[in-house]
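Single-structure report; data block below.
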Amino acid sequence: MISRLSSLLVLTGTLAMGSALHTPPRLAKPSKKSQLRALPDFSAFLGKPNSLPAKDATKSEGKASSAVRRYFDAWNRRDMTLAVKQFADECAYEDTQYAGAFEGKEALEAHLFKVADALPPTFEFVIDDLADGGDVVGVQWHVESGGAPLPFTRGCSMYRVDPLTGLITSGFDVPEPAPLKPGGAGLALLSAASKVLDEPVRGVAWVTWLAYCAIVFFSNGILPGPDATQLDPATWKEVIDLSLNFWLVAPLLHLPFSPVVHPGLEAIFNLLLAWAAAFSGFASDGRPGRPQGSMLPTLAGMQLLTNAVLLPYLALRSSEPRAPPLTASASSDGASSDAPPGASGGSGGGEEEWVPCFVEDLGPFERAVGESRLLGPALGGVGLGSVAWGAFGRPEFGDLAARRASLQDLLGGDRLGASFVVDLVLFAIFQGWLVDDDLRRRGIDPLDLSRSSKSPQTLKALRAAAKFLPFLGLCTYLTFRPALPSRSAEDTGAA
């Protein structure tokens with residue numbers, strides 16, 4: 001089951017195909033023939049997928065079937081923490097769509113969380129039949145999306161359970177045969193497709209990225225100068241010269257190797273790099289444990305290829321997750337949420353809450369750089385200094401009117417300079433993409449700012465500046481936004 005969705009993606013080329021991933025089933029209504037083969041209490045599930053209380057199920061089922069049902073139920077609810085708890089520490093799970101088995105609970109847990117992030121919530125594995133063999137359970141299943149069966153998604157799974165502990169020790173999936181073993185590549189394709197289905201706005205980032213690459217790197221006639229495939233020597237020299245003058249250190253110190261470049265072009269180049277570096281303020285988006293991994297490679301790549309790296313990240317990243325509401329039993333037992341004040345998506349009544357992000361959850365880079373109050377002022381100073389350099393640096397380039405005229409002439413025939421202008425425009429459009437999730441990490445619902453301890457008017461102004469005021473608005477937001485909550489502070493307050 002783990003990879004059925006990705007093989008379907010390869011076989012049919014449709015976005016509905018994701019059934020290669022291990023997603024436990026809800027129960028389908030069995031035929032008369034299947035009723036004879038199913039468990040004695042199987043009919044109790046008809047019309048109530050995964051709804052039979054565990055205490056009732058265990059009265060008529062063995063430990064093996066009960067463990068498998070709990071696992072399936074947790075999977076279809078995307079509660080991966082509960083799903084993994086059904087496995088023994090030394091478990092092994094093998095899916096024939098992958099080259100090898102997932103050995104150990106830790107490896108299985110990492111994979112299940114990755115798969116859960118890739119699957120849209122409408123995808124469910126539906127049990128067609130279940131056979132209880134004591135400590136071995138066999139399941140026949142198919143995949144549905146929103147209640148509609150998907151093609152090429154049938155399969156069988158075998159589970160072995162420790163009769164003493166009731167924990168699953170091994171699983172083996174046999175989906176319908178596929179000509180390819182897509183494995184991780186299929187999962188990546190599925191993840192991209194399912195995210196667009198779940199949040200269609202991500203398609204804007206993909207379309208923009210495709211247009212950007214086509215125009216900036218490969219077009220002839222849209223932007224001036226030769227395309228990237230022609231490896232123009234003048235373009236490469238310009239890249240090297242600008243890189244040597246990175247953040248204007250070399251020309252300001254009058255270093256002997258500093259080349260002479262038009263100050264206006266230097267201003268655009270260094271403003272662009274400072275703007276790209278400002279996205280470091282969202283580094284907590286790639287904190288340890290997040291499905292997309294660290295944001296550091298993206299931030300480094302943006303210093304070289306700007307939007308060619310940023311736009312795919314925006315399309316592929318995982319949104320901040322919502323935690324399922326506390327059940328009635330959990331509430332009655334006195335269970336408490338880790339969410340900081342204001343993290344709730346509603347006012348109670350079983351509504352969801354945002355999963356909190358505490359400063360202790362961050363890695364060294366996210367904590368030291370991404371959350372630094374100095375990041376906004378420092379990069380804002382670099383950006384403004386670059387603009388001042390373009391207006392007044394290198395006196396030999398004349399007054400403002402002469403500089404503007406010569407810069408226009410330069411950009412009219414320079415592929416690299418023209419692409420920098422395109423990058424600045426796209427940064428202005430997409431700089432606010434990560435702001436709302438950043439607020440959620442800080443325990444603030446961006447659609448209900450009144451729930452924060454900070455002034456709602458201040459938060460509203462900061463949010464608007466970060467979204468709609470190019471560059472300086474982002475730097476201002478990074479300087480004055482609320483800090484991430486701290487577990488130590490919460491514990492002190494509770495005490």
Side-chain angles (χ1 to χ4, degrees), residues 5-6 8-10 13-18 20-21 78 113-123 145 182 184-219 272 275-287 289-322 366 370 419 422-441 446 466-468 470 474:
L5 292 174
S6 46
L8 179 60
L9 185 64
V10 173
T14 66
L15 296 180
M17 50 176 101
L21 301 170
R78 302 302 190 270
F113 273 102
K114 181 183 296 184
V115 171
D117 180 67
L119 286 175
T122 56
F123 280 38
S145 177
L187 179 59
L189 290 173
L190 170 67
S191 178
S194 65
K195 282 180 169 63
V196 173
L197 289 175
D198 193 45
E199 300 179 64
V201 69
R202 293 177 184 264
V204 175
W206 280 123
V207 171
T208 305
W209 179 72
L210 291 172
Y212 174 85
C213 292
I215 292 173
V216 170
F217 298 123
F218 304 113
S219 70
L272 181 63
W275 204 337
F279 283 84
S280 300
F282 300 119
S284 57
D285 192 57
R287 62 192 179 275
R290 291 277 280 163
Q292 69 265 24
S294 172
M295 197 178 177
L296 189 55
T298 298
L299 295 170
M302 288 173 64
Q303 292 295 311
L304 300 174
L305 295 172
T306 56
N307 285 286
V309 177
L310 173 65
L311 293 173
Y313 179 85
L314 297 181
L316 291 171
R317 61 173 292 273
S318 298
S319 299
E320 287 298 319
R322 286 181 178 269
E366 293 92 5
S419 70
V422 173
D423 281 319
L424 291 175
V425 172
L426 292 181
F427 275 178
I429 294 172
F430 287 97
Q431 78 167 18
W433 190 285
L434 300 174
V435 170
D436 284 350
D437 264 357
D438 188 67
L439 287 171
R440 293 181 182 112
R441 287 191 287 274
K467 283 177 169 286
F468 306 116
L474 179 57

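Residue Leu474 comes nearest to Ala278 through the heavy atom pair CD2-CB, 3.8 Å, listed as atom of the first residue, atom of the second, then distance. Considering every non-hydrogen atom in both Ala283 and Gly370, the closest pair reads CB-CA, 4.3 Å. Nearest heavy atoms, Gln431 versus Ala466: NE2-O, 2.8 Å. Of all heavy-atom pairs between Phe123 and Arg78, the closest is O-NH2, 2.8 Å.
Residues meeting the salt bridge (Lys or Arg N to Asp or Glu O under 4.0 Å) test with Lys114, sequence neighbours left out: none. Every residue two or more places apart in sequence or in another chain was checked for a salt bridge (Lys or Arg N to Asp or Glu O under 4.0 Å) with Asp423, and none qualifies. Remark: Leu316 pairs with Ala192, Trp206 by the side chain to side chain contact (heavy atoms under 4.5 Å, CB included) rule, at least two apart or across chains.
Here the straight-line distance linking atom CG of Leu424 with atom OG1 of Thr306 works out to 9.0 Å at 0.5 Å rounding. Taking CG of Leu439 as the reference point, atom CG of Leu434 lies at 11.0 Å (rounded to 0.5 Å). Here the straight-line distance linking atom CD1 of Ile429 with atom NZ of Lys467 works out to 13.5 Å at 0.5 Å rounding. Taking CD from Gln292 and OG from Ser191, the interatomic distance works out to 9.5 Å, rounded to the nearest 0.5 Å. Taken to the nearest 0.5 Å, the OG atom of Ser284 stands 9.0 Å off from the CE atom of Met295.
For the pair Thr208 and Phe430, the minimum side-chain heavy-atom distance is below 4.5 Å. With contacts defined as side-chain heavy-atom distances shorter than 4.5 Å, the pair Trp275/Met302 does not qualify. Glu366 places a side-chain heavy atom less than 4.5 Å from the side chain of Ser294. Side-chain contact between Phe282 and Asp437: absent, with no pair of heavy atoms (C-beta onward) separated by less than 4.5 Å. For the pair Trp433 and Val201, the minimum side-chain heavy-atom distance is below 4.5 Å. Using a 4.5 Å heavy-atom cutoff, the side chains of Thr298 and Arg317 are not in contact. Between Arg202 and Ser319, the closest side-chain pair of non-hydrogen atoms falls below 4.5 Å. Side-chain contact between Asp285 and Asp438: absent, with no pair of heavy atoms (C-beta onward) separated by less than 4.5 Å.
The backbone N or O of Glu320 lies less than 3.5 Å from no partner atom in the side chain of Arg441, so there is not a single donor-acceptor pair. Checking side-chain atoms of Arg440 against main-chain N and O of Pro446 turns up no donor-acceptor pair under 3.5 Å.
The aromatic rings of Phe217 and Tyr212 sit perpendicular, their planes meeting at an angle over 60°, well past the 30° parallel limit.
Taking 4.0 Å as the cut-off between side-chain N and carboxylate O, Lys195 and Asp198 do not count as a salt-bridged pair.
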